[in-house]
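Computed from a predicted structure; not experimentally measured. Values reported hereafter were calculated over all heavy atoms of this structure, with side chains retained and with hydrogens, waters and symmetry mates removed. Residue numbers start from 1 in every chain, and the chains themselves are labelled A, B, ... in the order their sequence lines are given, proteins ahead of strands.
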Amino acid sequence: MGIVRQKLRNIYGILHEYFGEQQWWPAEDKDEIVIGAVLTQNTAWINVESAIKNLKKYDICSFKGILNTKISVLKEQIKPAGFFNQKAQYLKNISEFFIENGEFERLSKYDLYNLRDKLLHVSGVGYETADSILLYAFDMPIFVVDAYTKRVLNRHNITDSTNYNRLQHIFMDNCADDAYLFAQYHALIVETAKNFCKVRPLCDDCPLKGI
DNA sequence: CACCAGGAATGTA
DNA sequence: TACATTCATGGT
């Protein structure tokens with residue numbers, strides 16, 4: 001039993017005990033998960049909810065809905081999520097990708113890393129967005145790394161790396177290969193950051209303090 | 001007023 | 001490979 005494995009188990013145990021089971025990804029369907037994954041890039045989730053609410057109001061919160069909407073209109077509706085000029089085009093790109101590739105039914109036939117590569121070729125989809133889609137929309141076992149994850153691993157002296165794929169493999173090499181576990185773990189880390197560690201991780205009242 | 005949020009693309013060295 | 005810059009709204 002490696003020390004890293006022990007630390008990751010410990011962190012998960014503490015967070016799960018503190019916050020309980022997480023309900024992620026909050027969305028009505030898979031299209032909405034993908035759309036939300038793009039809209040939430042460097043943006044507070046509350047603003048994404050506002051943007052998605054606008055899309056639903058016009059019944060265009062879907063790949064087909066986005067493709068059938070003029071980009072000028074799309075920009076206006078997703079404005080609360082910020083970076084609306086680029087995100088409107090990103091939504092067009094990812095929607096076109098899904099429609100042209102047979103949506104979830106056909107794409108789910110690819111194995112994990114083949115599909116990951118295909119997603120990463122869509123302009124507007126980087127590592128975190130791709131992995132969020134794979135984990136939460138396709139239910140594939142891959143760990144999502146975000147800014148908070150990097151902080152936690154750094155502050156707990158698990159690694160000083162900031163490389164996305166290296167951080168991801170630290171988790172995946174030391175945890176069970178389980179989509180549910182990865183989904184919970186990422187959600188718990190985000191929840192911790194939302195509640196305690198916005199500016200200074202491991203602040204006095206953080207549940208991870210002292211480990 | 002400054003700072004941050006469930007990042008990615010692009011350019012530079 | 002490793003940084004720097006740009007994109008933009010809304011809450012604290």
Side-chain angles (χ1 to χ4, degrees), chain A residues 11-12 15 19 21-28 30-55 61 71-97 116-138 142-154 159-169 171 179 182-203 205-206 208:
Chain A
I11 290 171
Y12 182 82
L15 295 182
F19 291 106
E21 183 179 34
Q22 300 300 298
Q23 307 297 324
W24 268 43
W25 190 288
E28 289 183 10
K30 294 179 180 178
D31 286 26
E32 186 180 331
I33 294 177
V34 175
I35 291 166
V38 170
L39 290 177
T40 197
Q41 291 169 2
N42 201 44
T43 299
W45 183 253
I46 184 70
N47 295 330
V48 177
E49 289 183 316
S50 177
I52 288 179
K53 186 176 177 183
N54 289 342
L55 295 177
C61 191
I71 196 161
S72 59
V73 175
L74 196 52
K75 288 180 181 178
E76 192 61 30
Q77 301 312 317
I78 68 171
K79 210 166 224 174
F83 304 117
F84 55 86
N85 287 306
Q86 36 186 355
K87 284 180 180 175
Q89 184 59 54
Y90 291 171
L91 289 178
K92 287 280 189 182
N93 297 344
I94 192 69
S95 296
E96 182 178 30
F97 170 80
R116 188 174 194 255
D117 287 338
K118 293 174 80 68
L119 287 170
L120 288 173
H121 279 102
V122 178
S123 179
V125 178
Y127 294 131
E128 186 178 343
T129 305
D131 291 338
S132 295
I133 292 170
L134 291 166
L135 178 60
Y136 293 106
F138 285 90
I142 193 160
F143 190 83
V144 179
V145 175
D146 69 340
Y148 305 137
T149 309
K150 297 180 182 178
R151 290 185 206 167
V152 171
L153 293 185
N154 293 339
T159 178
D160 58 352
S161 175
T162 60
N163 180 279
Y164 186 97
N165 290 323
R166 272 215 288 277
L167 294 174
Q168 179 176 61
H169 280 292
F171 276 91
F182 294 151
Q184 288 295 305
Y185 210 151
H186 174 66
L188 286 168
I189 289 175
V190 173
E191 199 61 26
T192 306
K194 277 185 177 176
N195 288 282
F196 296 104
C197 306
K198 296 191 179 199
V199 178
R200 193 162 59 85
L202 309 185
C203 53
D205 53 352
C206 176
L208 293 181

Visitor: Between B/dG6, B/dG7, C/dT9, which nucleotide gets closest to the side-chain atoms of A/Gln41?
Guide: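 That would be B/dG7.
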Visitor: Side chain of A/Arg166 only, please: which of C/dA8, C/dA2, B/dG6 is the nearest?
Guide: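 Shortest atom-to-atom distance from the side chain points to C/dA2.
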Visitor: Starting at atom CD1 of A/Ile133, determine the distance to atom P of B/dG7, rounded to an integer number of angstrom.
Guide: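 Going from A/Ile133 (CD1) to B/dG7 (P), I get 14 Å.
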Visitor: Does A/Ser95 use its side chain to pair, donor to acceptor, with the backbone of A/Lys92 at less than 3.5 Å?
Guide: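 Flag not set: sc A/Ser95 to bb A/Lys92 has no pair under 3.5 Å.
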Visitor: For atom P, what is the distance between C/dA8 and B/dT10, given to the nearest Å?
Guide: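 Straight-line distance between the two P atoms is 14 Å.
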Visitor: Tell me whether the NZ or CZ atom of A/Lys79 lies within the 45° cone about the ring axis of A/Phe84 and under 6.0 Å from its centre.
Guide: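 Yes, a cation-pi geometry holds between A/Lys79 and A/Phe84.
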Visitor: Give the rounded distance in Å between these two atoms: NZ of A/Lys194 and C1' of C/dG11.
Guide: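 It is 13 Å, rounded to the nearest whole Å.
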Visitor: Starting from C1' on B/dG7, measure out to NE2 on A/His186 and report it in whole angstrom.
Guide: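 After rounding, the reported distance stands at 12 Å.
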Visitor: Without swapping roles, check the side chain of A/Lys87 against the backbone of A/Leu39 for a donor-acceptor pair under 3.5 Å.
Guide: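 At least one qualifying donor-acceptor pair exists.
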Visitor: Roughly, in whole Å, what's the span from CZ in A/Arg151 to P in B/dG7?
Guide: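 It is 10 Å, rounded to the nearest whole Å.
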Visitor: Heavy atom of residues 118-127 of chain A under 4.0 Å from DNA chain B: which residues?
Guide: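 Only A/Val122, A/Ser123, A/Gly124, A/Val125, A/Gly126, A/Tyr127 qualify.
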Visitor: Is the number of heavy atoms from other residues, nucleotides or ligands under 6.0 Å of A/Ile46 CD1 greater than 12?
Guide: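 No - once you tally the heavy atoms of other residues, nucleotides and ligands closer than 6.0 Å, there are 12 at most.
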Visitor: So, taking the atom named CH2 in A/Trp24 and the one named CD in A/Gln184, what distance separates them when rounded to the nearest 0.5 Å?
Guide: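 Rounded to the nearest 0.5 Å, the CH2-CD separation comes out at 10.5 Å.
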Visitor: Give the rounded distance in Å between these two atoms: CZ of A/Phe182 and C1' of B/dG6.
Guide: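 So the CZ-C1' distance, A/Phe182 to B/dG6, works out to 18 Å.
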Visitor: Is a donor on one side and an acceptor on the other found under 3.5 Å between the side chain of A/Asn93 and the backbone of A/Ser123?
Guide: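 Yes, because the side chain of A/Asn93 sits within donor-acceptor range (under 3.5 Å) of the backbone of A/Ser123.
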Visitor: I need the CG-P distance between A/Asn42 and C/dG11, as an integer number of Å.
Guide: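 Computing the A/Asn42:CG to C/dG11:P distance gives 16 Å.
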Visitor: Can you see if the side chain of A/Thr129 gets near the phosphate of B/dA8 - specifically, an N or O under 4.0 Å from OP1 or OP2?
Guide: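 So the side chain of A/Thr129 is within the cut-off, an N or O lying under 4.0 Å from OP1 or OP2 of B/dA8.
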Visitor: Starting at CD1 of A/Ile133, measure out to CD1 of A/Ile142 and round the result to the nearest 0.5 Å.
Guide: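 One gets 11.5 Å once the value is rounded to the nearest 0.5 Å.
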Visitor: From CZ of A/Phe19 over to P of B/dG6, roughly how many Å is that when rounded to an integer?
Guide: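 Spelled out: CZ on A/Phe19 to P on B/dG6 is 13 Å.
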Visitor: Verify the stacking flag for A/Trp45 against B/dG6: centroid separation must be under 5.5 angstrom and the ring planes must differ by under 30 degrees.
Guide: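 Yes, the aromatic ring of A/Trp45 stacks with the base.
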Visitor: Any residue in residues 74-91 of chain A with a heavy atom nearer than 4.0 angstrom to DNA chain B? Just list them by number, or reply none.
Guide: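 By residue number: A/Gln86, A/Tyr90.
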Visitor: B/dG6 C1' sits how many Å from A/Tyr164 OH, rounded?
Guide: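 A/Tyr164 atom OH is separated from B/dG6 atom C1' by 11 Å.
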Visitor: Rounding to an integer number of angstrom, what distance separates C/dA2 and B/dG6 when you compare their P atoms?
Guide: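 Looking at atom P only, C/dA2 and B/dG6 are 26 Å apart.
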Visitor: Is the backbone of A/Asn165 close enough, under 3.5 Å, to the side chain of A/Tyr127 for a donor and an acceptor to pair up by distance?
Guide: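 Not a single qualifying donor-acceptor pair exists.
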Visitor: Would you call the rings of A/Phe171 and A/Phe143 parallel, tilted or perpendicular, taking 30° and 60° as the class edges?
Guide: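 Parallel: the ring planes of A/Phe171 and A/Phe143 meet at under 30°.
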Visitor: Roughly how far apart, to the nearest Å, are B/dC3 and C/dT5 at atom P?
Guide: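 It comes out at 15 Å once rounded to the nearest Å.
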Visitor: CD/A/Glu128 to OG1/A/Thr149 distance, rounded to the nearest 0.5 angstrom?
Guide: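 Separation between the atoms: 7.5 Å.
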Visitor: From the list B/dG6, C/dT9, C/dA2, which nucleotide is the closest neighbour of the side chain of A/Asn163?
Guide: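 Within the option list, the nearest is C/dA2.
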